[in-house]
Amino acid sequence: MKKIKSRRKVREPRFCFKTLSEVDVLDDGYKWRKYGQKVVKNTQHPRSYYRCTQDNCRVKKRVERLAEDPRMVITTYEGRHAHSPSHDTEESQAASNAQLNSDFFW
DNA sequence: CGTATTTGACCTGCGC
DNA sequence: GCGCAGGTCAAATACG
């Protein structure tokens, strides 16, 4: 441990999506592995940190639950996917709920 | 047996 | 300069 360069000088843009779902893990076609959980002051619920476990994908996803709406969660994607999702048959009902993102227009 | 998941501890950055 | 908050990583355990 001689020279520890800063974590990441380059910050990738993060995409915030408000999704109405009762589950934290929304199967959007990618596989996510939870690597941490921390509680935020602004909310009374803990925030979950997920990371893409795909081969060519190190995208990070952060799921926060709203205190005002426990049934609604904010899914923040950090980075960009480098592979194609599993858009095969149906993306579960989660994808259907994901269409409720009318506040944000990416 | 392998992978995914969980909790705790540690580190870094920013604010005052 | 110090304190606080947020974020990340590691090890252990459980389940398939």
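Below, chains carry the letters A, B, ... as their sequence lines are ordered, and counting in each starts from 1. As the structure is a computational prediction, the values presented were derived from the model and not from experiment.
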Atom CH2 of W32(A) and atom P of dA4(B): how far apart are they, to the nearest Å? 14 Å

Length of the CD-P vector between Q54(A) and dT3(B), whole Å: 14 Å

Is K60(A) near enough to dG7(C) that one of its side-chain N or O atoms lies under 4.0 angstrom from OP1 or OP2? no

Calculate the interatomic distance between Y35(A) atom OH and dA4(B) atom P; express it in whole Å. 16 Å

Quick note, R33(A) side chain, CB onward, closest among dG7(C), dA11(C), dT8(C) is dA11(C)

Winner on side-chain proximity to K34(A), out of dT8(C), dG6(C), dT6(B), is dT6(B)

Output yes when at least one side-chain N/O atom of R51(A) is less than 4.0 Å from OP1 or OP2 of dC9(C), else no. yes

Grab the two heavy atoms, one from Y50(A) and one from K34(A), that are nearest each other, plus how far apart they are. OH-CE, 3.2 Å

Which residue lies more 5' along DNA chain B, comparing T53(A) with G36(A) via nearest heavy atoms: T53(A)

Looking only at side-chain N and O atoms, does Y49(A) come under 4.0 Å of OP1 or OP2 in dG7(C)? yes

Heavy-atom side-chain contact between I74(A) and L66(A) under 4.5 Å: yes

Between P of dG7(C) and NZ of K61(A), the distance in whole Å: 17 Å

Any non-hydrogen side-chain atom of R62(A) less than 4.5 Å from a side-chain atom of E78(A)? yes

Side chains of Y49(A) and T76(A), heavy atoms from C-beta outward: is any pair under 4.5 Å? no

So, does Q37(A) get its side chain near the phosphate of dT7(B), meaning an N or O under 4.0 Å from OP1 or OP2? yes

For dG7(C) and R62(A) - does any side-chain N or O of the residue sit under 4.0 Å from the phosphate oxygens OP1/OP2? yes

